[in-house]
There are 2 protein chains.
Amino acid sequence: MFREIDKHITRCAPVSGYELEILHGRLKSKTVKKKTLLLRQGEVCRFEAYIIKGCVKKYYIDQQGDQVILQFAVEDWWISDIGSFSEQKPSNLFIETLEDTELLVIDFENKEILFREVPRLERVFRIMVQRSYSVLESRFYAAITHTAESRYLDFVKRYPQIVQRVPQQQIASYLGITPESLSRIKKQLMARK
Amino acid sequence: MFREIDKHITRCAPVSGYELEILHGRLKSKTVKKKTLLLRQGEVCRFEAYIIKGCVKKYYIDQQGDQVILQFAVEDWWISDIGSFSEQKPSNLFIETLEDTELLVIDFENKEILFREVPRLERVFRIMVQRSYSVLESRFYAAITHTAESRYLDFVKRYPQIVQRVPQQQIASYLGITPESLSRIKKQLMARK
DNA sequence: CTCATTTCTTATCCTACATCAATTTTCCCC
DNA sequence: GGGGAAAATTGATGTAGGATAAGAAATGAG
């Protein structure tokens, strides 16, 4: 149960087996059905969740009422609204499962206690956020400078598992285009190759 | 000299006066002329810098050879390529001063030593990155869903000081549009109000 | 002050992607 | 396994912002 998350953690910074056990004690296992909302706009985000099995999306709802997907998360990823969670203030985001999903979650209070018990984990989580920041920055750049087609190709290469598991319209949303456009892009790619 | 940075730090998490002094000892003061490149594509980013006075931009150069500005930083901000710095791997970015600038910089080795001396700073830097992440996420969302006009208005409201100090073409680049488009947007706004 | 360089504006035309609408295909759920 | 809903495709048309070009204005170095 904890094997993957332990690997995930120690890939960021060294943590002893004992310290990992303390972490385990602060995590709660949670199983949720497909299409469950884990966070709603306006709520304070009460969790950071590590995905053992399943798939989750994080999204805004824009003025026209359409979903704008910021992130997919699958096995071995963390999902949360960092801004809302860390400042314990209302979120603008929704987080929702796309499949039946098994999570390890930690709430704000337990995370704070955990950091007091295992200060070394501050470092782990710092490094995790740094990496996320870096990824988001590249994605931001790509969104501004690359065409939709190139972003799609990049997405398929980077996350082939997700392409299989998630409806096209949601991938379109993630890429910042309409489902119709994505359909046309795929058609052109087929024709060309 | 350290007054502002100390405030900046303690706004993230409590740090004692003694601990701040240790931090000061690890920082190096640096003054650089306008148009100095602090980081070039391909180099490893060797610093995190706090801006005492001045203005800096961080940008990509895209396939067509154009600058794409990801971030401006002015007084009381930090600037670095987090990805390159924290993994000490080659950067894709440029960082360049837009004015004569006074910085407090720390390199990778000193930051690591500092964290060993003052573990509490891990927390400070974690919180700083979390906040940056959150800001970047909103900006990403805005880039995808809002029009250029609305992003410009938002920028002017949020960073009025920067609008005064930075050429329009660079603001256009930051907004992900061409200078011509920004000029047109401004014209329309004038006409309308 | 002045000449050169950079920055800004304006006009024309163009393109990537959006919007709207109508099918067709796929997916589930009873 | 069949019926209904959700998803994907396709076509026609619209539009925000890009590309190019050329001139005007502002800035700065000597």
Side-chain angles (χ1 to χ4, degrees), chain A residues 33-36 55 57 59-60 62-69 72 96-100 140-156 162-192, chain B residues 33-36 55 57 59-69 72 96-100 141-156 162-192:
Chain A
K33 282 244 156 302
K34 187 171 171 165
K35 293 192 186 181
T36 306
C55 184
K57 65 178 169 181
Y59 58 96
Y60 278 93
D62 67 16
Q63 285 100 335
Q64 293 99 271
D66 298 329
Q67 287 186 15
V68 180
I69 297 178
F72 295 112
E96 185 181 338
T97 51
L98 290 167
E99 303 175 354
D100 294 352
F140 180 80
Y141 168 73
I144 286 185
T145 58
H146 294 13
T147 62
E149 179 180 304
S150 128
R151 279 176 279 144
Y152 173 66
L153 288 171
D154 191 58
F155 180 79
V156 171
I162 297 181
V163 179
Q164 306 308 322
R165 290 161 77 169
V166 171
Q168 302 291 337
Q169 52 161 322
Q170 313 231 9
I171 290 170
S173 166
Y174 176 91
L175 295 172
I177 58 177
T178 58
E180 293 92 330
S181 292
L182 181 52
S183 177
R184 257 171 238 133
I185 286 167
K186 285 177 64 189
K187 192 182 169 191
Q188 281 169 224
L189 287 171
M190 291 305 221
R192 229 184 299 150
Chain B
K33 282 246 157 302
K34 185 171 174 168
K35 293 193 184 180
T36 306
C55 184
K57 66 179 168 180
Y59 59 96
Y60 278 92
I61 303 248
D62 67 16
Q63 285 100 336
Q64 292 98 271
D66 297 329
Q67 285 186 18
V68 180
I69 296 178
F72 294 114
E96 184 180 337
T97 52
L98 290 167
E99 303 174 355
D100 294 354
Y141 168 72
I144 287 185
T145 60
H146 294 12
T147 61
E149 179 180 305
S150 129
R151 280 177 279 144
Y152 173 65
L153 289 172
D154 190 57
F155 180 80
V156 172
I162 297 181
V163 179
Q164 306 308 320
R165 290 161 78 169
V166 171
Q168 301 291 335
Q169 51 162 321
Q170 314 231 10
I171 291 170
S173 167
Y174 177 90
L175 295 172
I177 58 177
T178 58
E180 292 91 335
S181 292
L182 180 53
S183 179
R184 257 175 264 137
I185 286 167
K186 285 177 63 188
K187 191 181 169 190
Q188 281 169 225
L189 288 170
M190 291 306 221
R192 228 181 301 149

R184(A), nearest nucleotide to its side chain (from dA12(D), dT7(C), dC17(C)): dA12(D)
Atom CG of L182(A) and atom C1' of dA7(D): how far apart are they, to the nearest Å? 12 Å
Inter-residue atom distance E99(A).CD - T36(A).OG1, 0.5 Å rounding: 12.0 Å
Whole-Å distance, L189(B) CG to dG17(D) P, equals 12 Å
S181(B) backbone acceptor or donor facing T178(B) side chain under 3.5 Å: yes
Determine the interplanar angle of the Y141(A) and H146(A) rings, folded into 0 to 90°, and report it as parallel if under 30°, tilted if 30 to 60°, perpendicular if over 60°. perpendicular
Select one nucleotide: of dG17(D), dT10(C), dC17(C), the one nearest the side-chain heavy atoms of I177(A). dC17(C)
Select one nucleotide: of dC8(C), dA19(D), dA7(D), the one nearest the side-chain heavy atoms of Q169(B). dC8(C)
Given atom CD of Q188(A) and atom P of dT9(D), what is their separation to the nearest angstrom? 13 Å
Check the distance between dT26(C)'s C1' and Q168(A)'s CD and give it to me in whole angstrom. 12 Å
Is the phosphate of dG18(D), meaning OP1 or OP2, less than 4.0 Å from a side-chain N or O of S181(B)? yes
side-chain N/O T178(A) vs dA18(C) OP1/OP2, d < 4.0 Å: yes
What is the distance, rounded to the nearest whole Å, between atom CD of Q64(B) and atom P of dG18(D)? 12 Å
Atom-to-atom span, CG of D66(A) to C1' of dT19(C) - whole angstrom: 11 Å
E180(A) CD - dC20(C) C1' separation (whole Å): 8 Å
Let me know the distance between NZ of K187(B) and C1' of dA24(D), rounded to the nearest Å. 13 Å
May I ask you to decide whether K35(B) forms a salt bridge with E96(B), counting only side-chain N to carboxylate O separations under 4.0 Å? no
